[in-house]
Amino acid sequence: MSRTKQEEVGDLFVTENSMTVKLMPSRKVASRPIHWFQDGAVTDQRKAAKEIAQLVGRLQGKSRIVRGLTLGTDKGVDCDLSDTGLKEAVAKAGFTPLSE
């Protein structure tokens with residue numbers, strides 16, 4: 001018996017102390033403390049990508065698949081995400097950044 005995977009979109013919200021991922025439409029949410037986002041920028045791309053992939057993987061489980069993440073920071077909508085390095089970290093984690 002083959003299980004069909006439900007495709008979901010994730011929202012990734014990053015502050016200097018934590019990241020939160022929320023999946024839609026399942027509404028699953030998880031957070032974890034981080035130390036790689038300082039002064040509005042990613043300081044360690046490799047660690048950021050690894051932790052993003054782990055958190056999303058924990059949430060999606062075996063019956064869901066997440067391909068894209070909508071990005072946000074505590075700096076609000078005026079923050080230029082291209083200067084933060086967050087898009088690169090998300091892409092390195094294997095997801096498509098869905099912000100503009």
Side-chain angles (χ1 to χ4, degrees):
M1 182 164 97
S2 123
R3 282 181 131 179
T4 58
K5 292 196 176 203
Q6 180 181 357
E7 193 164 321
E8 299 207 40
V9 174
D11 289 331
L12 174 67
F13 184 75
V14 179
T15 68
E16 301 230 347
N17 301 318
S18 69
M19 73 171 160
T20 302
V21 174
K22 180 177 183 179
L23 299 184
M24 294 302 280
S26 69
R27 298 185 188 183
K28 287 187 155 225
V29 178
S31 295
R32 74 173 286 161
I34 59 170
H35 301 289
W36 45 259
F37 194 74
Q38 300 297 321
D39 299 321
V42 175
T43 58
D44 186 343
Q45 288 283 335
R46 191 175 185 188
K47 187 172 186 177
K50 181 180 176 183
E51 290 185 3
I52 291 167
Q54 285 175 340
L55 189 61
V56 173
R58 191 175 85 201
L59 272 180
Q60 75 182 3
K62 295 179 182 176
S63 63
R64 294 175 184 80
I65 187 162
V66 176
R67 290 198 176 107
L69 293 174
T70 304
L71 309 177
T73 69
D74 58 347
K75 305 294 182 198
V77 294
D78 294 332
C79 178
D80 184 9
L81 291 173
S82 60
D83 294 337
T84 64
L86 201 52
K87 288 181 181 181
E88 291 82 5
V90 167
K92 193 172 192 171
F95 304 102
T96 304
L98 302 174
S99 63
E100 287 301 334

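Side-chain atoms are counted along with the backbone in the values below, which use heavy atoms only and exclude waters and symmetry mates.
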Heavy-atom donor-acceptor pair, Gln6 side chain to Arg64 backbone, under 3.5 Å =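 The answer is no, because no donor-acceptor pair under 3.5 Å joins these two groups.
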message = Given 3.5 Å as the limit, does a donor-acceptor pair link the side chain of Thr73 with the main chain of Val14, or not?
response =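 Side chain of Thr73 to backbone of Val14: no pair is present.
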Output the distance between atom [atom1] ([X]) and atom [atom2] ([Y]), rounded to the nearest 0.5 Å.
X     : Y     : atom1 : atom2 : value
Leu12 : Leu71 : CG    : CG    : 6.0 Å
Leu86 : Gln45 : CG    : CD    : 8.5 Å
Gln60 : Glu7  : CD    : CD    : 10.5 Å
Asp11 : Leu69 : CG    : CG    : 8.5 Å

ask   = Going hydrophobic residue to hydrophobic residue with side-chain gaps under 4.5 angstrom, can you get from Phe95 over to Leu59?
value =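 Yes, it is one cluster - the side chains of Phe95 and Leu59 are joined through contacts under 4.5 Å.
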key: Common cluster, Phe13/Val9, ILVMFWY with side-chain heavy-atom separation under 4.5 Å   =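 Phe13 and Val9: separate clusters.
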For [X] and [Y], work out which heavy atoms get closest and say how close.
X     : Y     : answer
Ala93 : Ala49 : CB-O, 3.3 Å
Gly10 : Leu23 : CA-CD2, 3.9 Å
Ala30 : Leu55 : CB-CD1, 3.6 Å

key: Residue pairs, two or more places apart or on separate chains, that pass side chain to side chain donor-acceptor pair (under 3.5 Å) and touch residues 12-30   =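 Matches after skipping sequence neighbours: Glu8-Ser26, Thr15-Ser18, Thr20-Ser31.
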task = Check the surroundings of atom CZ in Arg46: do more than 12 heavy atoms from other residues, nucleotides or ligands lie under 6.0 Å from it?
result =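 Open: at most 12 neighbouring heavy atoms sit under 6.0 Å from CZ of Arg46.
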query = Do the non-hydrogen side-chain atoms of Val42 and Glu88 ever get within less than 4.5 Å of each other?
reply =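 With C-beta onward as the side chain, the pair stays apart.
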